[in-house]
Protein chains: 2
Amino acid sequence: MAEPLRRPGGRSARVRTAALDATLAELADRGYDELTVEAVATRSGVHKATLYRRWGGVDGLIADVLSRSAEQPWQVPETGSLRGDLHAITRAVYTGFADPQEGAAPRALIVAALRSPQAAGALTRFFEARQVSAAEVVVRAVARGELPEGTDAVDVVRTACAPLYYRLFVTGEPFDETAAHRAAETALAAARAGVFVSPARPPEHDTRP
Amino acid sequence: MAEPLRRPGGRSARVRTAALDATLAELADRGYDELTVEAVATRSGVHKATLYRRWGGVDGLIADVLSRSAEQPWQVPETGSLRGDLHAITRAVYTGFADPQEGAAPRALIVAALRSPQAAGALTRFFEARQVSAAEVVVRAVARGELPEGTDAVDVVRTACAPLYYRLFVTGEPFDETAAHRAAETALAAARAGVFVSPARPPEHDTRP
């Protein structure tokens, strides 16, 4: 009974928070090419040897930032309609990356993960977790009778987000509110037309006029 | 008249072809992390000093492979219907990347360009060139009366391709024929619903039910 009460893993959790916050801040300030374990150590106050032992290096740190993001709760929109919810989702993607201040860290994180083969698995799990959360808006729309039974809810969300991530992280084309607007309307129109009902129409029907 | 007839830039063009073909083959075989000017020199027979002088290094070579791809003519499908043409486009993306042999080089090229900040501009111009070519199928559909006047043709194509590139190069999720099928049907349903008519509906209308 002399031992003070202590949350198990308390110190370890604090070290993780400090190291991952510093990694994200370094990415936002300097980018992946300039990211070093030394800089994360200086910024976080966590010893370099600890960072290497626990994360292996910068790529391990990036992967763990993504794991932490995937674990964090995400506020699923609930506007009362699928259209409103899908627009809330694509606007959240837009504002999450567009603002020069707020957007710098998430943008740098994804760019870094795309440049780091070691972080690829963590990136996939991050997107899967977010898409599954957001898919609740589609599940509710099916329950309300707004969409056909059997609609692939995750694929509706994926389709709503894809054009934005495609511009931002693949083609590098401009990214604006019109793109966010059209992405939501596209997913809505396709979902209403039954495009996401499983099983998908077989490929041999592809070319019917 | 002693000078043999010689296409201007003939030698220079041959050097470029050899260097860029070797770059692509090295990327397909070994990937971006293992790509070196030395390996490109050995494979192409072009002297290392020439490669450095003309391209600066591996990132300059990657950027020029993309520039060359953007210049190459691309066969625009002409099936007689927008549905058929959009399916031909998404199937071309699918088969272009899916086949383990054929797909290795283009897949490695895009992954490399995403990892190379220096190649970013060339990647954007590559996608713009392809999207503008492919948009002809939408322009024809508008002319045939299949789609509303004022449809943003490039954005229809971009939307058809986005879910595939998003899976392949951002989320790392599985990539199959169903995804290619749904991507074409999604762009078609949205285009028919008038989602791509410019000017886009203003954002204040986003949340109408």
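So that the names make sense, note that chain A is the first sequence line, chain B the second, and so on, each numbered from 1. Treat the numbers as computed from the prediction; the structure is a model and nothing was measured. Side chains included, hydrogens not; waters and symmetry mates left out as well; all remaining heavy atoms used.
Inspection of non-hydrogen atoms places A/Asp33 of residues 28-55 of chain A under 4.5 Å from chain B. Interface residues of residues 107-115 of chain A toward chain B, defined by a heavy-atom distance below 4.5 Å and sorted by number: A/Leu114, A/Arg115. Applying a 4.5 Å heavy-atom cutoff, the residues of residues 152-167 of chain A that approach chain B are A/Asp152, A/Asp155, A/Arg158, A/Thr159, A/Cys161, A/Ala162, A/Pro163, A/Tyr165, A/Tyr166, A/Arg167. Within residues 128-148 of chain A, the residues approaching chain B closer than 4.5 Å by heavy atoms are, in numerical order, A/Glu128, A/Gln131.
At least one side-chain heavy atom of B/Thr186 sits under 4.5 Å from a side-chain heavy atom of A/Thr186.
In this structure, CZ on B/Arg182 lies 7.0 Å from CZ on A/Phe196, to the nearest 0.5 angstrom.
Within a 6.0 Å sphere centred on CD of B/Gln101, heavy atoms belonging to other residues, nucleotides or ligands number 12 at most. A 6.0 Å sphere centred on CD of A/Glu149 holds no more than 12 heavy atoms belonging to other residues, nucleotides or ligands. Within a 6.0 Å sphere centred on CD of A/Gln75, heavy atoms belonging to other residues, nucleotides or ligands number 12 at most.
Contact between A/Thr124 and B/Gly172 at its shortest, heavy atoms only, is OG1-CA, 3.7 Å.
Annotation: maximal heavy-atom pairing with chain B below 4.5 Å, among A/Leu188, A/Leu168, A/Asp85, A/Val170, occurs at A/Val170.
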